[in-house]
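Take a look at the structure set out below.
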Amino acid sequence: MKYGVAFYKEEKAYSVFLVDYDATTCGENLEDARNMAKELLELYIETEGAKKETKKEVDLEQLYFERTGEKAKPEDYETAHLEYIEL
């Protein structure tokens, strides 16, 4: 199964949002953020059960707003991207 994970580069770290679960984490760098996302995803699958893998289009600007209640700066979207973690 592949699950969508959104990465947003902040000033000194990465914010990470799981697309299919209402979950957020962060990492000091992109590699750390990927590891944290995978650990969090495994935890959610274990506690809440597996969901169908991500197959939808993801609006990164809207996702950020939904999770934080804030609009990110335009430059934050230039480095934001979606990856898929396979479990």
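Predicted model only: the values in this text are computed from it and were never measured.
Of all the heavy atoms in Lys52 and Tyr3, the pair that sits closest is O-CE2, 4.0 Å. Of all non-hydrogen atoms in Ala6 and Val19, the two that sit nearest each other are N-CG2, 4.4 Å. Closest approach of Val5 and Ala37 over heavy atoms only: CG1-CB, 3.8 Å. Minimum interatomic distance between Arg34 and Ile85 (heavy atoms only, all atoms of both residues): O-CD1, 4.2 Å.
Enclosure of atom CD in Glu86 by more than 12 non-hydrogen atoms of other residues, nucleotides or ligands within 6.0 angstrom is indicated. Counting non-hydrogen atoms of neighbouring residues, nucleotides and ligands closer than 6.0 angstrom, the NZ atom of Lys9 exceeds 12 such neighbours.
Note on Val58: it does not cluster hydrophobically with Leu41, by side-chain heavy-atom contacts below 4.5 Å among ILVMFWY residues. Residues Val16 and Leu40 are members of one and the same hydrophobic cluster, defined by side-chain heavy-atom contacts under 4.5 angstrom among Ile, Leu, Val, Met, Phe, Trp and Tyr.
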Donor-acceptor pairs are to be reported for all side-chain atoms of residues 59-70 against protein atoms at under 3.5 Å, with residues two or more places apart or in another chain.
unit_1	atom_1	unit_2	atom_2	d
Asp59	OD1	Glu61	N	3.1
Asp59	OD1	Gln62	N	3.1
Gln62	NE2	Glu66	OE2	3.3
Arg67	NH1	Leu18	O	3.0
Arg67	NH1	Tyr21	O	3.4
Arg67	NH1	Ala23	O	3.3
Arg67	NH2	Leu18	O	2.9
Arg67	NH2	Tyr21	O	3.1
Thr68	OG1	Tyr64	O	2.7
Thr68	OG1	Glu70	N	3.1
Thr68	OG1	Glu70	O	3.2

Tell me which donor-acceptor pairs under 3.5 Å the side chains of residues 42-51 have, and how far apart each pair is, sequence neighbours excluded?
unit_1	atom_1	unit_2	atom_2	d
Thr47	OG1	Leu43	O	3.0
Lys51	NZ	Asp20	O	2.9

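Here the CD-CE distance, from Glu31 to Met36, works out to 13.0 Å after rounding to the nearest 0.5 Å.
Between Thr25 and Lys38 there is no side-chain heavy-atom pair separated by less than 4.5 Å.
Tyr84 does not carry Lys2 over the face of its six-membered ring by the limits of under 6.0 Å from the centre and within 45° of the normal.
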Legend entry - Criterion ring pair (Phe, Tyr, Trp, His ring centres under 6.0 Å) on Phe17 and Tyr8, from CA distance to verdict: CA-CA 9 Å; Phe17 303 137; Tyr8 300 86; 5.1 Å; yes
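Under the side chain to side chain donor-acceptor pair (under 3.5 Å) criterion, Glu10 pairs with Ser15, sequence neighbours left out.
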